[in-house]
Amino acid sequence: MNQANELKDTLNLPQTNFPMRANAVEREPERLKHWEEIELYDLVQKKNASGDTFVLHDGPPFTNGDVHVGTALNKTLKDSILRYKAARGYRTPYIPGWDCHGLPIEHKVTKKLRKEKADLDALSVRKSCAEFSASFIETQRSQFKRLGVLADWSREYRTMHPSYEAEILRTFASFVDQGLVYRSKKPVYWSIPCRTALAEAEIEYQDHVSPSVFVRFKIIDEDHESYVVIWTTTPWTLPANLAIAVHPREHYIEIKHGGKSYWVAEKLADSLIDTLDLAGATKGARKAGSDLCHWKTQHPFIDRLSPILTAEYVTMESGTGCVHIAPGHGLDDYLTGKEHGLDVYCPLSDSGCYEDDGMIPSELVGVSVLEKATGCPANDEVIRILESTSSLLAKQSHHHQYPHCWRSKTPVVFRAMDQWFVALDKDELRSRCIDAIEDVSFTPDWGRNRIRGFLESRPDWCISRQRSWGVPIPVFYDEEGEPLLSTELINFLANRIEKEGTDAWFSLSEEELLKGFDLPSEWKGKTLTKGTDTLDVWIDSGCSHRSVLKNLDDLVWPADLYLEGSDQHRGWFQSSLWTGMIAYDHAPYKRILTHGFVVDGDGRKISKSDGKPQTADSYIKKYGADVLRLWVCSEDFRRDIPLSDEILGQVVRSYRTLRNTLKFQLGTLHDFDPNNHLVPVEDLDLIDRWALFKTAELIEDVTRAFDAYEIHKAVQLINRFCSGVLSSTYHDVIKDRLYTLHAGDPKRRSSQTAIYLIFDSLVRLLGPLTPFTADEGWSFLQSGESFSTDPLLLQSWPQAHPSWLDSEIVADAEIILKLKESHINESLENLRSEKKIGQSLDAEVEIRFPSTETIAEVLSRRSLDLAEFFIVSSVVLIADDNEPKITVSAKHASGIRCPRSWRWVPQLVSVEPWGEVSPRCADVLSRNS
RNA sequence: GGGCUCAUAGCUCAGUUGGUUAGAGCACCGUGUUGAUAACGCGGGGGUCGGUGGUUCGAGUCCACCUGGGCCCA
């Protein structure tokens, strides 16, 4: 071994077992296991038992697949905020939940059962759905845990649990009790062969050829024959026509031909003259749609008037600009009809045949609207009638995409059916909701505006679904179809379902269900039939505040925070608000925080077809949880959140920087025992006080960022601190003293004290962001081991002692460092590019300054510290009033280089057995021996 | 088509009530070090703030319109 190597062994170089590489994929699960073993969640709750309560109420993810990366983002934000709040001393009970019911699961399960040719009755489907949901709860729970989500998994809620279902029914009972629930017709997709209502997701669009007909409606009270011309591709809906819609701001024009007038949209007039074969037609009067709307027309073959209305959705792309309205056969028609007080008229039976209601022409009664290979009988018959009444102006074939039933593959029809609704305007409910929103805090603040828009515009809430996988609407019907809906009965059934689950509704007979309930006298003796509808699943999740917050003693209502994606303004935030207002006349939350959606590197939505992984697990398996979490926390989640390989690569690099910073600091503390070596802050060296000052600023800034839910700012602040304050400045300056001074030198202990305090703060700040790495660093600080029995999460949020924040004390350091940045580095760099020096210790610096210069005093006072700040061998100060301002010149240091400290000194001294070193090193070496 | 919303260097983000040559970290290029080395230091290039027009002595920062993206509807 040569002399240099031997001398190197006399230095106090960093030593630590803290691994440079996280190896997160393998090592994070070990930490999770450790946390579970020590029951970390419970320990945290116990520690903060007497603290103020902060309840973040979990929005339940849907249990139909692996955890999506967007869901991981949501849960990460929740976990980070809770970890922060816990560190601040809040009691943070967190009950995770699962949304179990709903069509996507029922659809998937039904598909599977059909393939297996298994039973498709409600109970069988429900059983399979429950199993399906339960299995994904298991999957998702383990994936959330892997992400580091800390929660009370033993008390998780699931919307399919009997006790939860009972609360759904009690919520429904409160609706009924307040007289909000009513029955009305609404059009739904209907599959005639399957005799069932279909949801959007059960619709398949297929190419289809429909007859397209142009039909004239005679305008009444006109002195000559005038007509409005409509166009439709579903002639069979004409018997249910109740109105004609025009666009209020488009213009309509009178086409004169053969002594008759035909009103159509001006923009379509020319093509219609052609289509309707009105050769020689002339154009007459012109009116805005809004001017037509008081007109009344005569239905072509039914004794009924069809008034003209206006509707915004009328387009000028095809047809006549005059739209046939049948409120029982289309959603737009239905809404327009509602707006204008029309009936939801639908003369169709379950089997898709016209019913004899006294209005339907006799030749149509019993005719089926179902399309078969041979055509559609109803269309044919209606067209025949139109021809016979001379109402048909033209007939063509129209190729388009038309909705088909996923099971029978036949075209579906829109058909109005009895549904249950919640009246939202009764007792000022809607305006009370809108008022309640004013008392809720929103992040970002436009959230209030957005939810208000939904509250104002939504029609009455249709809460019935013709599905099996959900909570049944507990209603009975008599022989006439009159419903028995009573608060007492619903509450009675809720108690029963709490014990037996909602399957009881499907498996028990009416008699068994009603056993023990005292029916109102007018219902006694009637034959009752239970309903088959289920409740809209938004009621399920919408009463979680009731089922969870109200029912668990240690939680509070309303919640302090709801935190979900911005799509929930329309969804969960809204449904929870309605149920909260109806049952308790108060919003169930104090604050709503929303995040955007994960998009790709180009800002476009991520879709399965891109082939890029979308599950959280696929990222965790590659990067580990901390990197994924750091990505989440680096992004401004209020807008769209981009995710790409490039972005993750950047996160990985900043993670490595963090990790390396921790590793270096731990290394410098290898011989530091805080119990014996800690130096009082007041006695710390200037540079160390400066570093503590910057740390105190960091703590303040990061705390402010967390309190404002601007987590990405916290990450940016920490990144900048690690590179700007620590790596390039503080660590760089103190390396010399840490390495070369005697282990117990006061200057060295001073810096170690600061590093110890900084590390302690830094690791606490990182706790909510990268909990695995932060806990690992904390353990190493405590014990030099990977795991500690006193984990980081049980520590408080860092707090700078007031003594750290003495800006007067550190003012000198700020001035010196500024000079280094503005003058010293530049002259050293010049010297380096001239190949005169390599490392900065090879240089000496001369500073000339006029005594009037403001920093003259500082430089003089700190003359002995300057070489260390600048990391050069020596600094010469020359007060020179001939200089107009400060000038810095650097040159190669004179003297001889100490092989131990690498500083250039006037002369070396000899120390056995190491040979010649600088006097300072000689002193250290002799004290070591 | 409608409601809400977003748009600053290659990437992630700062830019306070409109005011001097628009900032940071990362990346990139050059370079030093080899005693933080699958590290670290120093130096440098790079944006006119999505576009157009307006208000103003002056706009990334206010207004209008347009383009593109997102969420929710239709």
Side-chain angles (χ1 to χ4, degrees), chain A residues 4-5 7-16 18 20-21 312-315 317 331-332 335 444 446-454 456-458 565-571 574 594-606 630-631 633-636 638-642 644-657 659-668 710 712-713 715-724 726-729 731-733 735-736 738-740 820-821 824-833 835 837-842 871 900-902:
Chain A
N5 275 340
L7 278 173
K8 183 174 170 180
D9 294 337
T10 71
L11 298 169
N12 294 301
L13 294 179
Q15 290 174 30
T16 176
F18 186 80
M20 176 59 224
R21 297 196 48 163
E312 294 285 336
Y313 61 82
V314 174
T315 68
E317 271 148 38
L331 207 53
D332 276 336
L335 292 171
W446 48 256
R448 177 185 291 109
N449 190 18
R450 187 160 188 204
I451 198 170
R452 191 196 291 120
F454 288 125
E456 285 169 346
S457 66
R458 83 165 291 163
S566 63
D567 55 334
Q568 299 305 331
H569 284 109
R570 182 188 159 79
Q574 206 198 146
T594 53
H595 56 78
F597 277 68
V598 178
V599 295
D600 67 18
D602 299 323
R604 291 171 193 281
K605 68 168 138 195
I606 50 176
L630 192 58
W631 161 69
C633 293
S634 321
E635 300 285 348
D636 182 352
R638 294 165 296 194
R639 39 199 201 213
D640 298 333
I641 300 124
S644 66
D645 291 339
E646 181 185 10
I647 292 166
L648 280 173
Q650 177 183 314
V651 174
V652 166
R653 284 187 293 272
S654 70
Y655 173 79
R656 283 205 195 114
T657 302
R659 197 169 173 88
N660 195 243
T661 303
L662 298 181
K663 180 175 191 275
F664 175 75
Q665 294 202 327
L666 283 171
T668 65
E710 294 179 317
H712 65 289
K713 288 192 182 172
V715 173
Q716 299 253 345
L717 285 162
I718 291 171
N719 283 342
R720 206 182 330 159
F721 178 80
C722 285
S723 71
L726 296 181
S727 194
S728 68
T729 308
H731 289 170
D732 211 26
V733 166
K735 269 191 282 187
D736 176 76
L738 288 171
Y739 296 172
T740 66
K820 182 183 180 187
E821 214 177 313
I824 310 291
N825 283 344
E826 189 189 1
S827 43
L828 290 178
E829 187 60 21
N830 289 339
L831 215 53
R832 196 173 287 127
S833 57
K835 302 288 177 199
I837 59 165
Q839 54 177 340
S840 58
L841 278 176
D842 294 340
I871 319 180
R900 184 169 179 275
S901 68
W902 294 343

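By convention in this document, chain letters (A, B, ...) are assigned in the order of the sequence lines, proteins followed by strands, and residues within each chain are numbered from 1.
Distances shorter than 4.0 Å separate none of the side-chain N or O atoms of A:Arg720 from OP1 or OP2 on B:A24. Of the side-chain N and O atoms in A:Lys835, one or more sit less than 4.0 angstrom from OP1 or OP2 of B:G32. Listed pair A:Thr657 / B:C26 fails the phosphate criterion, with no side-chain N or O lying under 4.0 Å from OP1 or OP2. Between A:His712 and B:A14, a side-chain N or O to OP1/OP2 separation shorter than 4.0 Å is present. Contact annotation: A:Lys8 side-chain N/O to B:G35 OP1/OP2 distance is under 4.0 Å.
No N or O donor and acceptor, one from the side chain of A:Arg570 and one from the base of B:C73, sit under 3.5 Å apart. With hydrogens and angles left out, the side chain of A:Glu829 and the base of B:U31 share no donor-acceptor pair within 3.5 Å.
No salt bridge links A:Asp567 with A:Arg570; every basic N to acidic carboxylate O contact stays at or beyond 4.0 Å.
At most 12 non-hydrogen atoms from other residues, nucleotides or ligands lie less than 6.0 angstrom from CD of A:Glu821.
For the pair A:Met20 CE and B:C40 C1', the interatomic distance rounds to 11 Å; values are reported in whole Å.
In this structure, the aromatic ring of A:Tyr739 is not positioned over the six-membered ring of the base of B:G35 within 5.5 Å between centres and 30° between planes.
Comparing A:Asn660 and A:Ser634 by the nucleotide of RNA chain B that holds the closest heavy atom to each, the one mapping nearer the 5' end is A:Ser634.
Figure legend: A:Arg900 and A:Tyr739 shown without cation-pi pairing, the cationic atom not lying both under 6.0 angstrom from the six-membered ring centre and within 45 degrees of its axis.
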